[in-house]
Structure formats: C-alpha cells, structure tokens
Amino acid sequence: MDTFLSNLSSPPLLFFFLGALAVAARSDLEIPNQIAKFLSLYLLFAIGFKGGVALAVAPFDTQIVLTLGAAMVLSAVVPLYTFMFLRNRIPIADAAAIAATYGSVSAVTFVTATSYLDVSGISWGGHMVAAMALMESPAIIVGLLLYRKYALTDGDDDDSFSWSQLLREACLNGSIFLIVGSLIIGWITGPAGMSQISSFIQDLFLGVLCLFLLDMGIVAARRIKDLRNAGSKAMSILITMALVLPLLNAMLGLGIASALDLDEGDALLLIVLAASASYIAVPAAMRLVLPQANPGSYLPMSLAITFPLNILVGIPLYHALVRWTL
Amino acid sequence: MDTFLSNLSSPPLLFFFLGALAVAARSDLEIPNQIAKFLSLYLLFAIGFKGGVALAVAPFDTQIVLTLGAAMVLSAVVPLYTFMFLRNRIPIADAAAIAATYGSVSAVTFVTATSYLDVSGISWGGHMVAAMALMESPAIIVGLLLYRKYALTDGDDDDSFSWSQLLREACLNGSIFLIVGSLIIGWITGPAGMSQISSFIQDLFLGVLCLFLLDMGIVAARRIKDLRNAGSKAMSILITMALVLPLLNAMLGLGIASALDLDEGDALLLIVLAASASYIAVPAAMRLVLPQANPGSYLPMSLAITFPLNILVGIPLYHALVRWTL
Amino acid sequence: MDTFLSNLSSPPLLFFFLGALAVAARSDLEIPNQIAKFLSLYLLFAIGFKGGVALAVAPFDTQIVLTLGAAMVLSAVVPLYTFMFLRNRIPIADAAAIAATYGSVSAVTFVTATSYLDVSGISWGGHMVAAMALMESPAIIVGLLLYRKYALTDGDDDDSFSWSQLLREACLNGSIFLIVGSLIIGWITGPAGMSQISSFIQDLFLGVLCLFLLDMGIVAARRIKDLRNAGSKAMSILITMALVLPLLNAMLGLGIASALDLDEGDALLLIVLAASASYIAVPAAMRLVLPQANPGSYLPMSLAITFPLNILVGIPLYHALVRWTL
Amino acid sequence: MKQCTRIEIVVEQSVSGQVIDLLHKVGAPGYTLIPDIRGEGDRGTRRGDELAGDSSNCLFIIACDDDTIIESLKAGLRPLLSRSGGVCLLSAAEWLRH
Amino acid sequence: MKQCTRIEIVVEQSVSGQVIDLLHKVGAPGYTLIPDIRGEGDRGTRRGDELAGDSSNCLFIIACDDDTIIESLKAGLRPLLSRSGGVCLLSAAEWLRH
Amino acid sequence: MKQCTRIEIVVEQSVSGQVIDLLHKVGAPGYTLIPDIRGEGDRGTRRGDELAGDSSNCLFIIACDDDTIIESLKAGLRPLLSRSGGVCLLSAAEWLRH
Ligand SMILES: Nc1ncnc2c1ncn2[C@@H]1O[C@H](COP(=O)(O)O)[C@@H](O)[C@H]1O
Ligand SMILES: Nc1ncnc2c1ncn2[C@@H]1O[C@H](COP(=O)(O)O)[C@@H](O)[C@H]1O
Ligand SMILES: Nc1ncnc2c1ncn2[C@@H]1O[C@H](COP(=O)(O)O)[C@@H](O)[C@H]1O
Ligand code: NA
Ligand code: NA
Ligand code: NA
C-alpha cells in the first residue's frame, strides 16, 4: 500500500496527472510538438547510453543471454494469443495491429520503471535495456505475418506488401534505432564516456521525465475523450482488452522471471516490458505496413489506457508480486 | 548605484540587451518559436515547483494568508483606477484590456526578481509564487466586468459573452495552470521530490533564463519598432502610461508590504508583482473574451516598455526603496 | 594512432556516425528542425561565453593580438588562392562561394576541437573563440569582391548589389552575432557570471554536442546521397577540393602557428579554424548576396566532406603534426 | 472527380477553436489546419513570435460540395472575421474521389 | 504566364514518403511540402500531438502543366487515398514564368 | 463576396524578407506566410534540415483585387524567381467580406 502511495506521489507521475487534468479542465496547456519529440529522443538516448555503459562493466553471462532470448520469445508469443482471441471479434487488420502493439513495448513505461527502481534504491542490469530494444521488432513481424496468413484467405488484396519495407519499419524505426545506437555507443565508450556526459544524461533525467509525462498526460486524456466519442460496441471489447492484456502479459513475464530466477530489479523490468504496449514504434510501423488497421483502435488502447494503468498501478503492483513470489 | 550596475551586468539582463541589439542592428538572430515556448514552460515549471517545495517546509501562518489576500486585492484594485483614468481617453475596450494587463503580473519579471534575490543572497518565501499565481486571474475578470458595465450602455453588442469562457480563460490559461499545478506538486512531494529533480530545476535555471531573455529582448525590440511605426496621438498616452503605471503600482505594493511588515525579499517580490504587467496570460485571454480591444495597444505597452523598465531599472530601484522604507 | 582511436571512440563522434548510419540504413531517425537549431544556438552561446570568461581572466597581450590578426589574414587569404584555382574550372559564382566557404570557419568543428582538448587535458586560450568569430566575415567579403571583379567583366548584371546588405550578412548573421555577443557578455561578467550559469554551460556541453552531431551526421549523409545523385564531371573537382583544401589550409595554419610560437592547444585550434569550412554563416550569406552560386556545390563540400574529414581524421592528425613540429 | 468548393480561412491562432466549433456545427465534411503561421493585414504584422500565440495565424482548408453547409459556414464566419480579422477565400476545385 | 493545374494533396504524415516516390515516378516537375499539420475527416481528428507522427498530416502542392503526368498522378494516388485517407483537390491556375 | 486574385508564391526561406519588402512596395493589402516548409524543384531537394535555413522554402498567399498591384507584384517577382528559384501561381477566388 505504501509502495502504491509513494509511487503515486513521485513528481513524474504527478505531472502525468496534471497533464490529464489540463485536458479535463479544458485548459490550453500544451507542450509544443517538436519539444515533446525532443524530450522523447533525450529519454531514449539517455536510457540507451546508460544501459550500454552498464553492459560494458558487467559483461554477458548465461543468465543475461537467457533473459534476452526470453524477452524476444515473449514479444513473439504475446501477439499470437492476443490475435487468436481477437480475430473473430473485430476486423482482422485491427486484431493484428493490436497483437503487435501488445507484443512490443513502451520505452517510457520502461524508463518510468527504471526511475522507480533508482528512487527505491533497487539495482537493475543494463542488459534490460537491450532486452527492451530486442522486444520492439519481433511483435511487429509476427503481427504482420498473422494478418497475411488469416486475412489473405479472406480475399484482401496485398500488392503493396514488401518484406524489405516491413523489416525496415520493424527494425529501423527511428526510436528503435536511437536506443540501440546509444546502447552500442555506451557499451563502446564505457564509464569513460559516461563521465563525459553524465550530468547531461543522469542529472537531468527525472526532470525531463516530468515534462515528458506532462505531455503524455495531455495526449492520453485527449485520446480518452476520443474513445468516449466513438463509443461503439466493439469499443467495450477494446477497453476491456486494454485493461486485461497488461495484467495477463505481466503474469507471463512473472513466470519467466521466476523460471530464470532473475533479481528483483530485472524481474520487475521484464514484467513491465511484457505488460507494456507500444505507442510509438508499432503504430508508426502499422501505418505503413498495415494501413488497413484503424489507428483509432490500437492507439487509444495502448496510449490512453494501458500506459497509465502500467505507470500508475502496474509498476507498484508488479513489484509487490515480485517481492511476494521470489 | 552599485545595485543598479550589478543588476545591469548580470548575464540574464545582458542577454536581454543582446536580443534588443540584434533587432536594432537588423541581425537575423532568432530563437525558434517552439523553443521560446519551451523555455517559458520550463521557467514556470521550475519556479512553481520551487515555490511549492518552499511552502511544504514553511507552512501557512497568518502573515502568509494576509499576503496572499493582499495580492489578490492588489490585482483587482489596480485595474479599477487604470480603467477610470483611461476610459475617456482611448477606446473603452482598449482601456479595459490595459487595465487587466496591469492588474495582472508577468511571471518572467517575477522570476528575474527571484534570481536577483538569490544572487544577492536574500531569502524569499515560497508563498510568493502562490501570490503571483493568485494575481493572474482577478485582473482579467475585473477588466472584463468594467468593460461590460461601461461599454454596453454605449450600445456595443455582446451576444458572444459567456461567463464560463471568461472563467476558463482567466483561471485555466496554460501558463497559470502550469504554475499552479507545479506549485501543488512541489508542495505534495516536498524536499524529497526536490532532491530528485533539483539539478534540472535549480542548476539550469539561470542559464535558461539567459536564453529566454535573449528571446524577450528580440521580441520587445520588434514591438518597439511597431510602436514607432504606429505613432499616433493616442500612442503618447499609452507610452506614458506604460512608464508611469509600474511606478505607481509599485508604490501601492510598497505601501501594502510595509503595512504587512513583510521581509525584505517578500516585500520586493510583492512590489515587483504589483509593478509588472502581463504579456502572456492576459493578452491570450483578451483575444478571446474581449476581441474588440486592439492588441497593438496593450501588448507593446507591457512587453516592450513596462517589462524592460521593470527588469532593468525597476528591480534595483524597488529594492533601494524597500531598504530605505523598511 | 592511439590519438586517432581515442578520438574516434569519443561519444560525440560516435553519435555523428550513428546519424550517418541512420541515413545509410534508411531509418527515419530525425532531430526536429527547431531542436537542431536550438542545440546549435546553445553551443554558440556556451562557447562564446566560455571564451569571454577566459579572456576576462587572461587579458590581452601582444601574442594574442598577433594571433587575432593572423586569424583574420588567414580568413582573407584562403579565399584568394581557392578562387584563383577554381575560377576557370567551374562557374565563377560557384568559385567565389566556395572560396568564401573555405576562408570562413565552422563553429562546430571548433567546438569539437575544444572538447577534444578538454578531454585530453590540454589548455587553450579564450581568445581563440574571438579568433574564430573574427574569421567568419572577411572571407565572405573577399569572396564577393572577387566575384564582382571577375564576373562583371564577363557581362553579368549586378543591379541588386548593395554594400550595406553585404556587410550586414557578413558581420551580423545570427550565429556570428550570438557568438560575439556571448563572448562580450562572458568577458563583462567574468568568473562571477560563469559561476551563475556554469552547470548550464559546462556540464551539459558534451551531451548537447552528442545530440547535435547526431543531427549533423544525418544531414551530412543526406548531402552525400545528393552529391552521388548529381554525379557530373565538375563534381569530381569539387570532391577533390573538399578533401584537399582542408589539408592545404591546415598547413598554412600550422605555419602561422609555429611562426607565432603558439601553445599546443592554441596552435591546434588555429589549424582547425584554417582547415574548417563554414556551413551555416557563409551559405546563409551567399543565398542573399550571391544567389547566382549553386548551393548544391559549396554546401555538400563543406557539410558532407570537409566537416566529417576534419572531426574524424583532421583533429587528431593536426594534433600529431603540432606535437611533431612545435 | 467531383466538383466542390475549396474554402480557405486565415484567422488568428487563438480563435482556431471557435472555427473548429463552427465547422462541427455546420457539418463540414472535414478540414485541414496549418497552425502557427504568420501574416500581415489591417491589424498589423503577426510575426509568430509571441508566447501566447497572439501574433500567430492559422490556415484552414475545407473542401465541401454541399451548398447549404457552405452558406451556413459563411454566415457563421462573418461576425468572427469582423471581430478578430482574417480572410476567407472561396474557389472552385475538383475533388479526386478514391 | 502559362496555364497549369494546381494539385493539392493532404495525406497523413507517415505516407509522405510514398507520395514523394510517386511524384518522382510520374515525373512531376516539382512539389512544395508543408509537413506536420493537423486535420479532421472520416478517420477522426489528427491533432498533431503524437510522437510517431500518426496524428499528423502533410500537404503537397504541385503545379503541373502536363496532362499525362496529372493523369498518372491521379491514378497512383487513388489507391493510396483509399488505403490511408486524405483529400486531393485540383484547380486551374496561371503559372508565372520567370 | 468580391472577386479577387489569389496569388501563391513559393520561394526559399532566405529571400522571404525580400518578398515582404516587395509586397510593401507594391502596396499589397496583406499576406499570409507559411515559413520553414520543404520542396523539390529544378534547384534540388530542400529538406528543411539545415541550420542556416538554406534548405527551406516558405509560402506566401496574397488575396488582392487590384490589378495594378498584381501587375507590379508580378514584375517585381520575376527577377527574384529567376535568381533564386521558386514558383508563383495565380488563380481567381471569391473573397468573403465581413
Ligand atoms: N490580402 C490578404 N491576403 C492574404 N492574407 C491576408 C490578407 N489580409 C489579411 N490576411 C491575413 O489575415 C490576417 C489578419 O488580417 P487583418 O485582420 O487584416 O489584420 C493577417 O495577419 C494575414 O495573415
Ligand atoms: N473535406 C475536407 N476538407 C479539407 N481537408 C480534409 C477534408 N476531409 C479530410 N481532410 C483532410 O484529410 C485528412 C484525412 O482525411 P480522412 O481520411 O477523411 O480522415 C484529414 O485529417 C484532413 O486533414
Ligand atoms: N512544379 C512545382 N510545384 C510546386 N512547387 C514547386 C514546383 N517547382 C518548384 N516548386 C517549389 O519551389 C522551390 C524552388 O524551386 P526550383 O527553383 O525549381 O528548385 C522548390 O523547392 C519547391 O518548393
Ligand atoms: Na508488451
Ligand atoms: Na501588476
Ligand atoms: Na577555414
């Protein structure tokens, strides 16, 4: 209970609430778009670099390799059951896009979890950043393969499909590219590199996260409004899924974490990765490789429901579960 | 005299000059618009949070409550006499808008005064940030009520008036919302929250202020040019008012400060609040609730004359007065 | 050899590579335009201020005055031989623009060299920032005078020429203005001013440089692509010049540095200034005072070839030469 | 291809919300909005350099093939334009239908 | 002055690359691109507030005086518009030649 | 409603000041300016990614109902367009008067 309250009263989360409140109160508070983009680039750059430096000092062992492998499998498996459950309930393109969205991860949820750990004084491994990076792409590919397998028999046309475009979108999306690149640079330069830029990367991190979550609160609350306006029958399925899927996926993550006997911090991060849903890389990729899917379904689910659920309730809840299980 | 010179040679003010000089010299130096907006969001966020944390450690007492009350009264009274003086001299909508502008406050003038105090090693109370936030809205409401009372008998139509829009503009304007929100979050999280983001909020503050004042210098100098181009008879009244009103209002502030027996720092800040004129919240509100008023009158007055007057000459002058009086 | 490797593995340069790689891999990674501009304003502001503060503590002596004079001469002489070599080989307007580009300097190359020195623990004088500022304008003026002398006899019309516009572009260009202004402000406020904003200016410097070079890598790689698409015969001259000129100019810089008996750090910086080519101030000025010149020639040369050559290979190479000579 | 009217509206940034409300009210089929741009007119120069957005304009483009909607849009715009300034241009265009 | 057709295309930001490829393919003489703008239509409101650019549009303006190019552009655009939404307007204009 | 000419000018960002000066000189009634946009034409691709603004365009829209002003604007633009590139399109429009 304490964990919940102390999580909810951390500055970044309170700024998320403030953003949501601004929309609810119809204030015109707004973070300019290029600034929001820059704050997100900063967070990806910083977390990637940090993770890389951490990897440089604690080199790979079997458990790390197993964790990375498990993360990729997780990202490929989640879309499978998500798609199977949804495919007869909503348009098949939407089902595939939602499957990809939930198989992939949200970097900001991850970043919020790492700062939760840092503030709580719990250590975590730099390889978890690599795990996050590895989980972005498989879900996109699996989601699209599922769509092709099930939709084409339904007679959809597909002349615009190109594997090279799919792989480029899945693996070379700007945000994935930056996080992987920063990870590798952090790993090459190690602690010597970190000492050069640590004030930029470490000292500013939480402050930037506050402003970024302020923006996220604004955007998420707008999407909630949009959802309310839409309000069809299919919507209630989507909302339910957006609440249930993260918990389900978290359980799977917890199972893997205890099977691999991960440390407290790493276990929490793996669960958070499993539970989180992409709202940058996957939606961007979907608009190009699966434009048939309606962004009005998968985007509000991940951005306006699953994301707040995870950062507000999820992180401390998963933490309590980890403590209770391990 | 020393105070003046040391104020004028502080980096932020010198960058204000540099910006003005860039316009005078017709250089194309420019801060991109979204960046200027971000710098201002940062300043509001930082000063609000700082104020809230200060409030958390020094809880409310009678004098604080009195100060806050006096601040609100000040913000409602200034528009009254400003309007009465102007209403037969210039169009009545302009008079109302100018009244609201000078009753309200300029957050950046306030911020510059706090950094003046910090650099001089004089303490000030976090509740002054709350005082600033409380002074934004009353002036807007009083200004509009005055307009409605005096203009409508003159036969203006008014079918577009809505109280809810007025209150929303007066109280939920983005910049007011952010400063109040950050104040409350700072107050909730207290010193523990501050320790998480203090490098972002405190260490960068003056550097950001330099860049922001560079932009302000550019914009203010452009408005001076515009004023010169306008050059009507009414203009000379407006320019005189823009020079006299801050001094007059400062005297009123000084009176209240000595009546309430405020400390040196708080007294200076109250005077600065009284003397300053809004150039963000009020102009934004006026365009929506009083579009009849000409932004070419109230905006250059507050932005291009009163603002530089206050930060260059006003702050050290008011400081000398405080020292001399208290 | 060690110097090369340690230079190539510094975080800023690795981020330059990352940006170039993003374009090569067709990732959509991008720094928003206003952000890139802001990062560059920050770097100019910080380096200017730093240089000014350094000047304030180590006042002018004869050698400094000689260095500044030599820098200006360098900036006027380089365009002369560059133009003479090119004028019968490519259109005369292009020759003049290229001459101006290489006579002038690149602030980011300079900044990268100062951080190379800082990381290596080698001191350098603040007056080198002034030297850089002084080298921007002469090249522009000489370039245009050469064009007028040689082009007009060829019958080009020239009714649009105006000396006042030329001087404004050459001396009051935004980036020159900001660096000179910050230098003067740093010099006025001295160490007292620096103590107020040093965390902003010093601690963030290398981190900002990383993000800025990431953007530079992206832009440079795009220009390389453009060059490849153009692929005419003239192009091979331009590419050769873009590789040879920096080395040639560096030799001239080395000569002057050893004639003036400069310290290791200052010598390296003077050589880097000589070797670098402008890609902000000069191209901006050329579009206004010499629109006949094709920006598709001088811009890719300086931005996509000379700039990477200097920061990747040049700096450590010139450093080795300095060590070997002095 | 279908005949339609292309409507182009420039107003100051701060009243963009009012134009959107109007478009919803009259039932416009959609709009495209270019925010934060500049301009000059009877009410002076808007340089796009103020924090409150007071000195910015925005541009709406609306393709519409329903004359009653166009008429009510014009009627709704007139008072707004006379209060806050701006321009509204109408021209004929062909709309590529997919 | 020369007669030409002014083509105006609004599509979501993420497909701007596909439109550019199409313009190259059909041999359009040039284009002007306004990126990162907003809009509303059948596919909901694009507020320009998302990091992936999913909620942004962009606007292309193309002046073209070659009817075969225009026809192939229209043909290439149709499937794109029906897949990802947007509008395309055509009108007559005069092109000031220098 | 009043007949007018809608003039649309795309030039590179760095000459926007020269166009504004020209508009003042010929007495244009106002203009709307969309800065920092992109484009492609005879002079290559302007990606809007350079710090000096060398690779950006801007777009002017001018509504004008005075033919002498339009003629002097066209005359003033021609040399500018041939020196620095860009396009200028003219079309007829109706101007909603308030
Ligand atoms: N003749 C015009 N052509 C194009 N845009 C105009 C014109 N007149 C005014 N505008 C635009 O409308 C805004 C407000 O105009 P005004 O109310 O006349 O100041 C200006 O800032 C311009 O952006
Ligand atoms: N009638 C219209 N007029 C102008 N722009 C439109 C119109 N309809 C759609 N758009 C633009 O095209 C985008 C996609 O439209 P849609 O596919 O209908 O959602 C919208 O976000 C608008 O920017
Ligand atoms: N046919 C065209 N249609 C629309 N815009 C064009 C066209 N040609 C050129 N432009 C614009 O004008 C700018 C300069 O053109 P140019 O001088 O041909 O390189 C380009 O970057 C485009 O933004
Ligand atoms: Na997931
Ligand atoms: Na006041
Ligand atoms: Na040089």
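Atom set for the values below is all heavy atoms of this structure, side chains included, hydrogens, waters and symmetry mates excluded. In what follows, chains carry the letters A, B, and so on, assigned in the order in which the sequence lines appear, proteins first and then strands, with residues in each chain numbered from 1.
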Determine the minimum heavy-atom distance between D/G30 and D/I62, stating which atoms define it. O-CG2, 3.5 Å

Nearest atoms (heavy-atom pairs only) where F/S84 meets F/V15: OG-CG1, 3.8 Å

Do F/R43 and F/E12 sit within salt-bridge range, that is, some charged N less than 4.0 Å from a carboxylate O? no

Flag the one option from F/F60, F/Y31, F/W95 with the top tally of heavy-atom pairs under 4.5 Å to chain D. F/Y31

For a quick test of reading the model, state the closest non-hydrogen atom pair linking F/I69 to F/V26 and the distance between them. CG1-O, 3.5 Å

Given a strict heavy-atom distance threshold of 4.5 Å, which part of F/P29 is in contact with chain D: side chain, backbone, both, or neither? backbone

Where on D/R46 is there a heavy atom nearer than 4.5 Å to chain F: the side chain, the backbone, both, or neither? neither

Identify which of F/P35, F/A28, F/S91 forms the greatest number of heavy-atom pairs closer than 4.5 Å to chain D. F/P35

Check each atom of F/C4 against the heavy atoms of chain D and say whether the ones under 4.5 Å are side chain, backbone, both or neither. side chain

Segment of D/I7 engaging chain F (4.5 angstrom heavy-atom cut-off): neither

Under 4.5 Å from any heavy atom of chain F, what part of D/I34 do you find: side chain, backbone, both or neither? side chain

So, for F/N57 and F/Q13, which heavy atoms are closest and what is the spacing to 0.1 Å? O-OE1, 3.4 Å

Measure distances from F/I61 to the heavy atoms of chain D and classify the residue's part below 4.5 Å as side chain, backbone, both or neither. side chain

Side chains of D/M1 and D/R97: closer than 4.5 Å at any heavy-atom pair? no

